[in-house]
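Reviewing the structure listed below.
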Amino acid sequence: MCQHRPPCPTSADLDREAAHVVAAYPGQGWSLLCNGVLLFEDTGELLPDGCVIAPHRPTDSYSLPSPRRVARLGAGVAALSVSAAI
């Protein structure tokens, strides 16, 4: 299916998501890659043979600190830097 040089990874390769996008529908949350893989916005995949790859984006295991917490941490680091320099 892919006619790129060098050829894109096949749908069986572990790096299959690196293939070129041939059709993108961001409003619907999916893209078709040149190797026949449907790649969904949540990082789930549907392979040409019908196999489903569950979403694998680490969204639940990481959360950003609040801006107020970042400001406090930044002020503490700055104070520590100044006192260490004295």
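Looking only at side-chain heavy atoms (C-beta outward), V21 and L33 come within less than 4.5 Å of each other. At least one side-chain heavy atom of L47 sits under 4.5 Å from a side-chain heavy atom of R16.
One distance of note links CD of E41 with OG of S31; it measures 9.0 Å at 0.5 Å rounding. Once rounded to the nearest 0.5 Å, the distance linking OG of S11 with CD1 of I53 reads 9.5 Å. Rounding to the nearest 0.5 angstrom, the gap separating the CD atom in E45 from the SG atom in C51 is 11.0 Å.
D13 places no side-chain N or O within donor-acceptor distance of the main-chain N or O of D15, the cut-off being under 3.5 Å. Remark: side-chain polar atoms of D42 are not paired, donor with acceptor, to backbone N or O of P55 under 3.5 angstrom.
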**Item:** N35 and C8: CA distance, side-chain angles, deciding distance, side chain to side chain contact (heavy atoms under 4.5 Å, CB included) verdict
**Value:** CA-CA 7 Å; N35 57 8; C8 292; 5.5 Å; no
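If you look at Y25 and W30, their ring centroids are closer than 6.0 Å.
In the hydrophobic clustering of this structure, V52 groups with L32; members are Ile, Leu, Val, Met, Phe, Trp, Tyr whose side-chain heavy atoms approach within less than 4.5 Å, directly or through other members.
E17 and H56 share a donor-acceptor pair across their side chains, judged by distance under 3.5 Å alone.
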